[in-house]
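A short worksheet on the structure shown next.
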2 protein chains.
Amino acid sequence: MAAAFKALSDPVRVRLLSLIASHPGGEAYVNTLSSAFDLTGPTISHHLRVLRNAGLIDCERRGTWVFYWVIPSALERLSAVLNVPAKTVP
Amino acid sequence: MAAAFKALSDPVRVRLLSLIASHPGGEAYVNTLSSAFDLTGPTISHHLRVLRNAGLIDCERRGTWVFYWVIPSALERLSAVLNVPAKTVP
DNA sequence: TGTCAATATAGGCGGGTGTCGAAGCAAGGA
DNA sequence: TCCTTGCTTCGACACCCGCCTATATTGACA
């Protein structure tokens, strides 16, 4: 459970997830993502792998490019953990 | 934004937050929390401080004990970030 | 087949983080 | 006033993580 939050513990990865999700069709390929950061390709690749190992995103190769998309059910599960009953429940 | 997720990147802290939130009244004092883990007091205190610095919980001293409670608005803000539009939105 | 473009993997360096024991405070009671 | 209890702070050690460069892999195309 915390493994998924750990994957989101880096600003780059949060932004990556947001970028992927906000792309038309919910998909984006790596080059588009890389160009949004001042980081090298391998570093972006590393972050994408972390997100993928956490089960937050998935990918598929289409010719030369690799497309990534988010896995909504995984995010919903995280979101559910944060839905806490209000403090004053007498 | 990622700072809050970073605070949740440790299993102990996720469990702490869950324990605090699930306690009657939404509050818990430290000794109760500590006894749920095989960790020393200082370590629990450290994790609580991380959660507090991230704005996820707050605390108050009442006599000898210190009570902690979660800040629902902070969790709601995190939860909102995870609410992603579905992949297929044509 | 050979070459190029797009990603991924491997390895190494520097800084950050979890954990502990020991010591320090605060509050209450003998 | 001194002691005990609950919790935090301090200092140190081992480990993990993000970043880079260099190298490998995969697919398209000539």
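Proteins come first, then strands; the chains are lettered A, B, ... in the order of their sequence lines, and each starts at number 1.
By the 30° and 60° cut-offs, the orientation of the rings of B:Phe5 relative to A:Phe5 is parallel.
Annotation: of the two residues near DNA chain D, A:Gly63 and A:Pro42, the 5′-most nearest-nucleotide partner is A:Pro42. Between A:Thr64 and A:Thr43, it is A:Thr64 whose nearest contact on DNA chain C lies nearer the 5' terminus.
Among the nucleotides D:dC10, C:dT7, D:dC20, the one closest to the side chain of A:Tyr29 is C:dT7. Looking at the side chain of A:Trp65, the nearest of the listed nucleotides D:dT8, C:dA10, C:dA6 is C:dA6. Checking D:dC7, C:dT19, D:dT9 against every side-chain atom of B:Asn31, the shortest atom distance belongs to D:dC7. Of the listed nucleotides (C:dT9, D:dT8, D:dC20), C:dT9 has the atom at the smallest distance from the side chain of A:Ser45. Side chain of B:Arg61, nearest nucleotide from C:dA8, C:dA27, C:dG21: C:dA27.
A straight line from CZ of A:Phe37 to P of D:dC20 spans 12 Å, rounded to a whole angstrom. Taking atom CG of residue A:Leu39 and atom C1' of nucleotide D:dT21, one finds them 14 Å apart after rounding to whole Å. Atom CZ in B:Arg52 sits about 8 Å away from atom P in D:dT9, given to the nearest Å. Taking atom CG of A:Leu48 as the reference point, atom C1' of C:dA6 lies 13 Å away to the nearest angstrom. For A:Leu16 and C:dT7, the CG to P distance is 13 Å, given to the nearest whole Å. In this structure, A:His46 atom NE2 and C:dA10 atom P are separated by 13 Å, rounded to whole Å. Rounded to whole angstrom, the span from the CZ atom of A:Arg49 across to the C1' atom of C:dA8 amounts to 8 Å. Going from atom CZ of B:Arg62 over to atom P of D:dC7 covers 13 Å, rounded to whole Å.
Using a 4.5 Å cut-off between side-chain heavy atoms of Ile, Leu, Val, Met, Phe, Trp and Tyr, with links allowed through other members, A:Phe37 and A:Leu17 fall into the same hydrophobic cluster. Note on B:Val30: it clusters hydrophobically with B:Leu39, by side-chain heavy-atom contacts below 4.5 Å among ILVMFWY residues.
The side chain of A:Tyr68 contributes an N or O atom lying less than 4.0 Å from OP1 or OP2 of C:dA8. At D:dC17, one or more side-chain N or O atoms of A:Lys6 fall inside 4.0 Å of OP1 or OP2 (strictly under the cut-off).
For the pairing with B:Leu56, the side chain to side chain contact (heavy atoms under 4.5 Å, CB included) check across B:Ile20, B:Ile71, B:Leu8, B:Val50 returns one residue only, B:Leu8.
A:Ile57 CD1 to A:Leu51 CG: the interatomic distance, rounded to the nearest 0.5 Å, is 4.5 Å.
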